[in-house]
Number of protein chains: 2
Amino acid sequence: MQLSVDGDAAKKDAPISQSGLVYEALSAAIMKGELAPGAKLSEPAIAEQLGVSRAPVREAIRRLQERGVVHHTANQGARVVAPTLEQFLALLDVREALEGMTSRLAATAMSEEAVADLRALVAEHGTAFSEDPTGPYMQESRDTDFHVRIARGCGNPVLTDLLCVQFYPQLKLCRLQHRGQKGRGLAAWKEHDRIAQAIADRDGELAELLMRRHIRAARAALLQSQGR
Amino acid sequence: MQLSVDGDAAKKDAPISQSGLVYEALSAAIMKGELAPGAKLSEPAIAEQLGVSRAPVREAIRRLQERGVVHHTANQGARVVAPTLEQFLALLDVREALEGMTSRLAATAMSEEAVADLRALVAEHGTAFSEDPTGPYMQESRDTDFHVRIARGCGNPVLTDLLCVQFYPQLKLCRLQHRGQKGRGLAAWKEHDRIAQAIADRDGELAELLMRRHIRAARAALLQSQGR
DNA sequence: GATCTTATTTGTGTCGACACCTTAGTGCTG
DNA sequence: CAGCACTAAGGTGTCGACACAAATAAGATC
């Protein structure tokens, strides 16, 4: 494990506090797979590696727990969660309901400007695909971008927070552990395009249907790639 | 404010750790309204009142933040969240989707024994109602019980956790600040009864419909009582 | 040689203290 | 008298250290 606080943490809003730095460092390490699922988070070790005290480390671990990417047991420390396939599937089932609702609301609530941005994003992904048809990691980043925009545009702050703060980090971790789903990039892009179109048409019912189908398709691809 | 650690904290699994005691004390104080929404949580004050250091207090506040009942801003401390009516409504909207799904799943996943327990609970509430038709607080406790049982029986751990850990505490806080909805107790009980029956009949589609209607009715009653 | 017991070590939970920030109160200036 | 700068108080963020629990390693017994 190789942690660093300076890395790319200062991309957006640089956290001045030390706990923020530790959080960024741990979060990046987990998402990059350096801290594997199931790995134990030793407070003294992390504190020494980052040159801080244990207090900000504890704070950062708490924030990670809030996001659902680490699990903490009493007198036993924190471990990176290692989601089973069943938990992954359960997460996707709930996600289908939530994002279906999100898409339906977004079709009504999103501003014209936000809709235009969304369509531009999908178009950009399309051109990028025509150049490089296979880009698994980039695709994941794009996928997240797409869904985050819709979550932000649904007009229900509870829903937005729930998805962005809890579901998307956990999903990322799940994907990290259960890799697969090769070749779904293009199909996913087409589905994104149709969803964006439905939202642009202000057709909430269709947007929900397409989004639910989109997530069910991803779930099915996962099941197939995991051999069940 | 009058905090106490001994109270009724030792009802179920007594937390051995001090942070657990502080958490119980703060949680109880918030839910009983002693710590009003918007009130600031001063770490030194709480630490002194409970006779502990600031460390377990910080830990407890973190856990409360995880539940969504306090909000923490950097260098500014934590405050009990004061949900606006709009946030309350947004929470109910998401809850409708989640609990609708929960009821549908529970109709299939709940064991015969759990279904029997659920129906017994509803029946018990019915007899209690015939004796005392108005019992606002008790009704809220009963309402929570009913919904928790369904959440536990849906078979999707993500859904169960989301509802029990995040939504129900926040809902309790919302009800605390936006009181009203007098007289909906009996109507709510009837709706509970129908939902339980649909689950007992293993009719997931109907259970979802009834649950969504149940929550929409509560939402409408809230809107009316809050004068909009 | 395997297993139970015991000692060591690592790590978490908690404590008291200090530095910096935020805020409220006070005095000064125009 | 109003507005601003300054000071003081309170509070959070962080630190180092200690007590207790858990996991591990070593030793003794069967």
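Each chain gets a letter, A, B and so on, in the order its sequence line appears, and its residues count up from 1. On a predicted model such as this, the values are computed, not experimentally measured, just so you know.
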- Task: For D/dG13, take OP1 and OP2 only and decide whether either is under 4.0 Å from a side-chain N or O of B/H72.
- Result: yes
- A/R79 atom CZ is separated from C/dG11 atom P, nearest whole Å, by 12 Å
- Task: Give the rounded distance in Å between these two atoms: CD of A/E48 and C1' of D/dA17.
- Result: 16 Å
- Item | Closest nucleotide among C/dC15, D/dC15, D/dA21 to the B/V52 side chain | C/dC15
- Message: Does D/dA23 have OP1 or OP2 under 4.0 Å away from a side-chain N or O of A/Q76?
- Response: yes
- B/F167 six-ring centre to B/R95 NZ/CZ under 6.0 Å and within 45° of normal: no
- Roughly how many Å is it from CD in A/E43 to C1' in D/dA17, rounded to a whole number? 15 Å
- Between atom CZ in B/R63 and atom C1' in C/dG13, what is the gap in whole Å? 13 Å
- Check the distance between C/dG16's C1' and B/R58's CZ and give it to me in whole angstrom. 14 Å
- Item | Between P of C/dG11 and CD1 of A/I61, the distance in whole Å | 12 Å
- Establish, with yes or no, whether the OP1 or OP2 oxygen of D/dT14 is under 4.0 angstrom from a side-chain nitrogen or oxygen of A/S19. yes
- Task: Classify the side chain of B/R54 and the base of D/dG13 as holding, or not holding, a donor-acceptor pair under 3.5 Å.
- Result: yes
- Task: Would you indicate which nucleotide in D/dT14, C/dT14, C/dG11 comes nearest to any side-chain atom of B/P56?
- Result: C/dT14
- Message: Can you tell me how far apart CE (A/M101) and CG (B/L98) are? Round to the nearest 0.5 Å.
- Response: 8.0 Å
- Quick one: do A/D117 and A/R152 make a salt bridge, cutoff under 4.0 Å? no
- Check the distance between D/dT12's P and A/R62's CZ and give it to me in whole angstrom. 18 Å
- Query: Does a side-chain N or O from A/S17 land closer than 4.0 Å to OP1 or OP2 of D/dG13, or not?
  - Reply: no
- Rounded off to whole Å, could you give me the CD-to-P distance for the A/Q18 and C/dA19 pair? 15 Å
- Message: Could you measure the distance from the CD atom of A/Q87 to the SG atom of A/C174? Nearest 0.5 Å is fine.
- Response: 7.5 Å
- Give a yes or no on whether a salt bridge exists between A/R142 and A/E124, defined as a side-chain N under 4.0 angstrom from a carboxylate O. no
